[in-house]
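Note that these values count all heavy atoms, side chains included, but never hydrogens, waters or copies made by symmetry.
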Amino acid sequence: QGRLVESGGGTVRTGDSLRLSCIASGVPFETYSVAWFRQTPYEEREFIARLNPSGSIAYYGGSTGGRFAMSRLNNVNAAYLEINNVELDDTGIYYCAASRRTVDLDLSTSWDIWGRGTQVTVSA
């Protein structure tokens, strides 16, 4: 059974930078696409970024505004999300997800394995 564990969240101020980590276990990580989603109260999970299995192709959601950068290190079963110049609207729970699907990957329903999330709170 695959498992994902996120870390790196916390309370930061606007303009700060932070890096979230996602560590996978129980699956051949290098064969999965991996993604980050964000959820805020009363909103559906929003697609933030994803990488293909090799990490050579990245896609970013429309709200990222060029401030987010995703990477992965398959040799340590890890994926990362860097957020630069954080804004108040970046507040939310950030989830890591993995999937072997190749279509509709901007939809949360297309992802098979989810972590429990890490909370990011941005204050002014």
Worksheet, complete the sentence: Looking only at heavy atoms, the pair that brings Ser123 and Leu88 closest together is C-CD2, 3.8 Å
Fill in: Interatomic spacing from CZ in Arg101 to OG1 in Thr109 - rounded to 0.5 Å
7.0 Å
Item to complete: Could you grab the distance from atom OG of Ser17 to atom CD1 of Ile83, nearest 0.5 Å is fine?
Response: 9.0 Å
Worksheet item: Do other residues, nucleotides or ligands put more than 12 heavy atoms under 6.0 Å from the OH atom of Tyr59?
Response: no
Worksheet item: Can you pull the side-chain hydrogen bond (donor to acceptor under 3.5 Å, both in side chains) pairs that have at least one residue in residues 49-58, sequence neighbours excluded?
Response: Arg50-Asp106, Asn52-Ser54, Asn52-Ser56, Ser54-Ser56
Worksheet item: Do Ile57 and Trp111 belong together in a cluster built from hydrophobic side chains that touch within less than 4.5 Å?
Response: yes
Fill in: Shortest non-hydrogen contact from Val86 toward Arg13
CG2-O, 3.0 Å
Practice prompt. Find out whether the Lys NZ or Arg CZ of Arg45 is both under 6.0 angstrom from the six-membered ring centre of Trp114 and within 45° of the ring's axis.
Written response: yes
Worksheet entry | Non-hydrogen atoms of Ser21 and Trp36 that approach each other most closely | O-CH2, 3.6 Å
Fill in: CG on Asp89 to OG1 on Thr14, rounded to 0.5 Å
11.5 Å
Discussion item. Please evaluate residues Ser99 and Asp112 with respect to the criterion side chain to side chain contact (heavy atoms under 4.5 Å, CB included), reporting the C-alpha separation (whole Å), side-chain torsions for both, the decisive distance (0.1 Å), and the verdict.
Written reply: CA-CA 5 Å; Ser99 175; Asp112 307 306; 3.6 Å; yes
Discussion item. Given 3.5 Å as the limit, does a donor-acceptor pair link the side chain of Glu6 with the main chain of Arg116, or not?
Written reply: yes
Discussion item. Quick check on the hydrophobic clustering: are Val122 and Leu18 connected, directly or via other members, by side-chain heavy-atom contacts under 4.5 Å?
Written reply: yes
Discussion item. Could you see if Tyr95 belongs to whatever hydrophobic cluster contains Leu51? Use Ile, Leu, Val, Met, Phe, Trp, Tyr and a side-chain cutoff under 4.5 Å.
Written reply: no
Practice prompt. Could you tell me the separation between the OG1 atom of Thr40 and the CG atom of Asp90, rounded to the nearest 0.5 Å?
Written response: 11.0 Å
Worksheet, complete the sentence: So CD of Glu82 and CG of Asn84: to nearest 0.5 Å the spacing works out to 6.0 Å
Worksheet item: Which atoms form the tightest heavy-atom contact between Asp104 and Ser110, and what is the distance?
Response: O-OG, 2.7 Å
Worksheet entry | Min side-chain heavy-atom separation Val34-Cys96 under 4.5 Å | yes
Fill in: Under 3.5 Å: donor-acceptor pair, side chain of Arg72, backbone of Gly55
no
Worksheet entry | Arg100, CZ: over 12 other non-hydrogen atoms inside 6.0 angstrom | yes
Worksheet item: Considering only heavy atoms from C-beta outward, does the side chain of Leu73 approach that of Tyr80 to under 4.5 Å?
Response: yes
Item to complete: Kindly indicate, with the supporting measurements, whether the criterion side chain to side chain contact (heavy atoms under 4.5 Å, CB included) is fulfilled by Ile113 and Arg3.
Response: CA-CA 7 Å; Ile113 306 171; Arg3 184 177 180 219; 6.0 Å; no
Worksheet item: What's the shortest heavy-atom distance between Thr64 and Ile48, and which atoms?
Response: CG2-O, 3.4 Å
Practice prompt. Please name all residues satisfying side-chain hydrogen bond (donor to acceptor under 3.5 Å, both in side chains) with Asp16, sequence neighbours left out, ordered by chain then number.
Written response: none
Worksheet item: Would you say Leu4 and Phe37 are hydrophobically clustered, going by side-chain heavy atoms of ILVMFWY under 4.5 Å?
Response: no
Fill in: Considering all heavy atoms, the nearest Val27-Gly2 contact
CG1-CA, 3.3 Å
Worksheet entry | Listed partners of Glu46 passing salt bridge (Lys or Arg N to Asp or Glu O under 4.0 Å), at least two apart | Arg38
Worksheet item: Phe47 and Tyr60: same hydrophobic cluster, using ILVMFWY side-chain contacts below 4.5 Å?
Response: no
Discussion item. Measuring from atom SG of Cys22 to atom CG of Leu81, what distance do you get when rounded to the nearest 0.5 angstrom?
Written reply: 10.5 Å
Practice prompt. Would you please classify the geometry between the Tyr94 ring and the Phe68 ring as parallel, tilted or perpendicular, with 30° and 60° separating the classes?
Written response: parallel
